[in-house]
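These notes concern the structure reproduced below.
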Amino acid sequence: METPSKQPKISTMTHEAEEEMQPDISKLRDQVQQISLSQKVTEAKLDGLKNGMEAKMDGIETNLKGNMKYLKIDLTKLLQEMLTNGERVVKETHDENKRNVCHDFIDSNIGLNTHHVSKIDMRKFDGKDPVTWIL
């Protein structure tokens, strides 16, 4: 079964129909131009905002770098002061009197200086002397 192929109809507009559509075509052209102009204005505004934001970010970055520079200087001064104070503490720790007291304390606990403990007289115990049993 073959269907006969239909040839598309070629529509031809009459001159009168074209003249009737001219105002509509003209309105559409105006609308397209207005949309195009508003897009260009919007793009220009966005570019301006973008440039403004970039400038602000650059300013903030510069400000942060400056603040970091001063913070670094202040921290360096603080560390130098702490180092100086720390050296004083170390010198006090190595004071001669404190060192002697510390060594005397250690020696007395270890037993090197046991001269304060008296000698105990111990007798030889052979089991025959009754005095040794009693003492």
Side-chain angles (χ1 to χ4, degrees):
M1 295 208 220
E2 288 184 25
T3 55
S5 62
K6 293 182 181 178
Q7 300 261 340
K9 289 184 179 179
I10 300 173
S11 76
T12 56
M13 246 190 225
T14 62
H15 183 63
E16 293 169 357
E18 280 184 28
E19 285 182 8
E20 286 177 11
M21 294 184 83
Q22 279 302 345
D24 292 335
I25 293 172
S26 181
K27 285 180 184 177
L28 286 173
R29 281 187 189 142
D30 288 343
Q31 288 176 350
V32 168
Q33 285 178 351
Q34 287 175 353
I35 290 172
S36 177
L37 285 175
S38 68
Q39 282 179 339
K40 289 180 183 177
V41 169
T42 303
E43 287 175 3
K45 286 180 180 178
L46 287 174
D47 286 343
L49 288 173
K50 179 183 170 187
N51 292 338
M53 289 301 291
E54 287 175 353
K56 285 181 181 180
M57 293 299 288
D58 289 343
I60 290 171
E61 184 179 356
T62 303
N63 190 14
L64 284 175
K65 285 181 181 178
N67 287 342
M68 292 300 288
K69 178 182 173 183
Y70 290 115
L71 182 61
K72 184 179 178 181
I73 291 170
D74 291 341
L75 284 175
T76 303
K77 288 179 183 177
L78 178 65
L79 289 173
Q80 287 173 348
E81 288 177 13
M82 290 175 67
L83 179 63
T84 304
N85 291 340
E87 286 175 354
R88 289 184 193 146
V89 170
V90 169
K91 287 178 184 174
E92 290 176 8
T93 304
H94 293 295
D95 187 18
E96 191 67 31
N97 293 335
K98 288 185 179 184
R99 204 174 327 152
N100 289 340
V101 169
C102 183
H103 285 296
D104 289 344
F105 178 74
I106 292 171
D107 292 343
S108 67
N109 285 333
I110 293 174
L112 294 177
N113 294 334
T114 56
H115 58 276
H116 59 280
V117 179
S118 61
K119 273 187 159 182
I120 299 174
D121 183 25
M122 297 293 290
R123 295 184 187 194
K124 289 187 178 185
F125 180 70
D126 61 359
K128 296 180 183 175
D129 185 16
V131 175
T132 308
W133 275 99
I134 293 172
L135 293 175

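No experiment lies behind these values; they were computed from the predicted model shown. Basis for what follows: all heavy atoms, side chains included, without hydrogens, waters or symmetry-related copies.
- Connection of Leu75 to Met68 is established within a shared hydrophobic cluster, with ILVMFWY side chains joined at heavy-atom distances below 4.5 Å, either directly or through further cluster members.
- Using a 4.0 Å cut-off between charged side-chain N and carboxylate O, Lys77 and Glu81 make no salt bridge.
- The structure places CG of Leu64 at 9.0 Å from CE of Met57, a figure rounded to the nearest 0.5 Å.
- With sequence neighbours excluded, no residue forms a side-chain hydrogen bond (donor to acceptor under 3.5 Å, both in side chains) with Glu54.
- Separation of atoms CG (Asn51) and CG (Leu46) is listed at 11.0 Å; rounding is to 0.5 Å.
- For residues 14-41, the side-chain hydrogen bond (donor to acceptor under 3.5 Å, both in side chains) pairs, not counting sequence neighbours, are His15-Glu19.
- By the salt bridge (charged side-chain N to carboxylate O under 4.0 Å, His left out) test, Glu43 is found to be paired with no residue, residues two or more places apart in sequence or in another chain being considered.
- Taking Lys69 as the reference, nothing meets the salt bridge (charged side-chain N to carboxylate O under 4.0 Å, His left out) condition, with sequence neighbours excluded.
- At a threshold of 4.5 Å between non-hydrogen side-chain atoms, the residues Leu78 and Asp74 do not count as touching.
- Lys45 pairs in a side-chain contact (heavy atoms from CB on, under 4.5 Å) with only one of the listed residues (Val41, Asp47, Thr42), which is Val41.
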